[in-house]
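Here's the structure we're looking at; comments come further down.
Residue numbers start from 1 in every chain, and the chains themselves are labelled A, B, ... in the order their sequence lines are given, proteins ahead of strands. Because the structure is predicted, anything quoted here is derived from the model rather than measured.
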4 protein chains.
Amino acid sequence: MGRPSNQFQRKKQIVDALLAVMATTGYENASINAIAKHAGLASGLVHYHFKNKQAILVELVNLLDDTAQSRYQDLKLNASDPKQKLSAFIDSALALGQGSNQHAVAAWVMIGAESIRQEEVREIYQTVVKKNLSELQLLIRNYSKENDKKLTKKTIENIATIVYGSIEGSYQLASTASEIIPKNYAAKALKNMLFALLDAGTDVII
Amino acid sequence: MGRPSNQFQRKKQIVDALLAVMATTGYENASINAIAKHAGLASGLVHYHFKNKQAILVELVNLLDDTAQSRYQDLKLNASDPKQKLSAFIDSALALGQGSNQHAVAAWVMIGAESIRQEEVREIYQTVVKKNLSELQLLIRNYSKENDKKLTKKTIENIATIVYGSIEGSYQLASTASEIIPKNYAAKALKNMLFALLDAGTDVII
Amino acid sequence: MGRPSNQFQRKKQIVDALLAVMATTGYENASINAIAKHAGLASGLVHYHFKNKQAILVELVNLLDDTAQSRYQDLKLNASDPKQKLSAFIDSALALGQGSNQHAVAAWVMIGAESIRQEEVREIYQTVVKKNLSELQLLIRNYSKENDKKLTKKTIENIATIVYGSIEGSYQLASTASEIIPKNYAAKALKNMLFALLDAGTDVII
Amino acid sequence: MGRPSNQFQRKKQIVDALLAVMATTGYENASINAIAKHAGLASGLVHYHFKNKQAILVELVNLLDDTAQSRYQDLKLNASDPKQKLSAFIDSALALGQGSNQHAVAAWVMIGAESIRQEEVREIYQTVVKKNLSELQLLIRNYSKENDKKLTKKTIENIATIVYGSIEGSYQLASTASEIIPKNYAAKALKNMLFALLDAGTDVII
DNA sequence: TATGAATGAGTATTCATTCAT
DNA sequence: CATGAATGAATACTCATTCAT
């Protein structure tokens, strides 16, 4: 009957290794050999499980998105009103620096840059962005609805986009300038700014 | 006597070529050959003018910073009060998409990623970040002072950082997801959000 | 499971190729491509087995030393008294020109020159020199002891060094001036000169 | 009438620079640029004065030989009998380490290695060797004649060759192993060995 | 599944030499 | 004579990918 399949475990091992290696070396410099060594596997095995190097990256993008999603879902469970849900989104995204997610944050920045030049990566990256923008728009709409604000679709889009951009930018700064930026500023500062805007008179918001 | 020097012109040519090439291919994939070809030069000449590839990148970072600076200085000339000056900063940074600066924006994103792994690049990158954060803090302080708000140093730092992060994040989104984000949303949305915060009661801001 | 290792065989193949190529072209001009071609291998494989070109050279120095050692040990087996042992050393070192060791001699001269500028090579080279000087000093001491001569440590050192220098110099002449120097002069001439000195009155020797 | 020619001075400057540079880097790594910089000249000027790099090396070989010759001629002036003349040859050749001739010695070793692979260099190198061997043979013949020893031509050749080889070998050891060999051993040790041989009964010498 | 040897194209960098000024 | 910019071939080394075992 042959040995039991361990495809899943091996793939995870390899993707994790790519994450670790590319967080410090970048994607181009994360050689298959380095990835294999980090995973404790023979280099040939990497290509047995993945058609090519790009396929590992694609898998990594999915992994990072899944992780972020589940973190958000967890936090959302305890959120009862729209404001708390919006906060949950931002908090889950910007709980930077704690745990081993510094690697993930650095890798995400690299992926962002990589998606400029790799079509397939860009597609998945955009899918993730789109999903997050949609979720943010929904959360913002619900929040403003509850507060009896009537925001146009366009306004909500703009706000969601700048908020999501702020999150991505915080990743960038956390990875490249952590010594010169405040600690743990991001989530709170972004929430304050966002709610100040949403709570202001509608004439302010465009 | 002897051949006249044209170092300055050639160096500019090469740096410009790196900008153009890496905007679409990334730094690693911007081969010296590709750069030379784009500049219409022999590949050996690139190394005659630059010690190594990294030196070109360093020069490019300086160039991009200089360009951004002068754009800001220009806009600031017409700004008479603190609010206008703060606006000038954001406008000069986020006047994306117009002119040939799409390349510059994409390159800047690549540089951000590259600075995670190249010490020397990171240092210059951080210098630029630091300078911008300082300027932003000054502008915010002046604005709040004029409005009789007393913000703590820490608060000003946090606000400046999230604002600068938003700018960097907008570059990221503009480069990788321009099809799925609103057009020209960034400057206005960020300014609205920022001033909503700064104009809110001090109890809101921390 | 998996492909059987042949590292040992391949490494030998590559080192042998370096020997052959550098004997006629020098180290700098022994390109990895030339070495690979001579060994019948793909150029990339050379770097799969050796970290860099210098590592091959280091391995070659060791190989040449090993070969010389075993030649000496073989000859020493048939030597019963101190004089014969001393002769065995010189004979094993200066049995030039016969067999395929012309390449080895030329390569050794190149290595000597190379060790002036490559630290790591110089270290191994010096180790080999030191070992040979020690052995020569021991042989000379034993010989003079048997002949009731009392030579100072310093005298023995000096003699050993000039003898070893003569050997190295003979390699040089054999490689660069073989047409204009006598055939097979070296071992006999050096032995005659050395024993004339050692057998002379102690007043002669200093 | 144009400016006065300084060809001679310039050529000397360049040859001296090659000597200095190649003493530490080897011939292959002594780039024209490095030579020019060391000489304080523009790189193009080097090729104005020398057809190619090899021509500088050829000139250097001649320079080193001339220097050695004049040192020998100086010492020979004070030598009145054959023994003193023979000593003068060895002394002039082995006055190592003093003055700035360490560079010259190292360069000579490099030239020896280089002459294995460069035909033209080998030819000059051999000319120098031949001249020195002839002189040594003459000196040995005169010495033995005075002492009423009748040495065959072959014997004299052999002795001259091993003596000259010893000199070359001493250069090698002085350049690559100076830390582990005695100081100033060479001239005295070689002379003792040589005269012990020449003064021994003719039955010893073959 | 797994190993690790093998390939060959690609990359940054160096450098002798030429040439415009 | 002199400068130094320009060329283009050569070189060590890297690496994704393939393949024999």
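Nearer the 5' end of DNA chain E, as judged by each residue's closest nucleotide, is the contact made by C/G40, out of C/G40 and D/K51. Nearest-nucleotide mapping onto DNA chain F: of A/G44 and B/S5, the residue sitting toward the 5' end is B/S5. The nearest heavy atom of DNA chain F to A/E28 and to B/L41 marks one nucleotide each, and the one closer to the 5' end goes with B/L41.
Among the nucleotides E/dA20, E/dT3, F/dT17, the one closest to any side-chain atom of B/R3 is E/dA20. Considering only the side chain of D/A42, F/dG4 comes nearest among E/dA5, F/dG4, E/dG8. Taking every side-chain heavy atom of C/Y48 into account, E/dG4 is the closest of E/dA2, E/dG4, E/dA6. Comparing E/dA12, F/dT17, F/dT3 by their closest approach to the side chain of A/N52 singles out F/dT17. Comparing atom distances between the B/K53 side chain and each of E/dA2, E/dA12, F/dA5 picks out E/dA12 as nearest. Of the candidate nucleotides F/dA2, E/dT3, E/dA6, E/dT3 has the atom nearest to the side chain of A/L45.
Here the side chains of D/Y27 and D/M110 are not in contact, with every heavy-atom distance at 4.5 Å or above.
Side-chain N/O atoms of B/Q7 include none lying less than 4.0 angstrom from OP1 or OP2 on F/dG4. The side chain of D/H47 places no N or O atom within less than 4.0 Å of a non-bridging phosphate oxygen (OP1 or OP2) of F/dA2. For C/N6, no side-chain nitrogen or oxygen approaches OP1 or OP2 of F/dT21 to under 4.0 Å. Distances shorter than 4.0 Å separate none of the side-chain N or O atoms of B/S43 from OP1 or OP2 on F/dT7.
If you run side chain to side chain contact (heavy atoms under 4.5 Å, CB included) between B/I56 and each of B/V61, B/L19, B/V15, only B/V15 comes through. Between D/Q118 and the options D/E120, D/R122, D/E114, a side chain to side chain contact (heavy atoms under 4.5 Å, CB included) holds for only D/E114.
Taking 4.0 Å as the cut-off between side-chain N and carboxylate O, D/R117 and C/E28 do not count as a salt-bridged pair.
When only modelled atom types and interatomic distance are considered, B/R10 and B/Q7 share no side-chain donor-acceptor pair under 3.5 Å.
Within 4.0 Å of B/A30, counting heavy atoms only, lie sugar-phosphate atoms of the nucleic acid but no base atom. Counting non-hydrogen atoms under 4.0 angstrom, C/I32 reaches the backbone sugars and phosphates but no base.
Judged by distance alone, with hydrogens and angles left aside, the side-chain atoms of D/N6 form no donor-acceptor pair with the main-chain N or O of D/Q9 at under 3.5 Å.
A rotation axis mapping the C1' atoms of four pairs onto the next four is fitted at both ends of the helix from E/dA2-F/dT21 to E/dT21-F/dA2 over five pairs, and the angle between these axes is 10° to 10 degrees.
Heavy atoms only, all atoms of each residue included: A/V21 and A/A30 are closest at CG1-CB, 3.7 Å.
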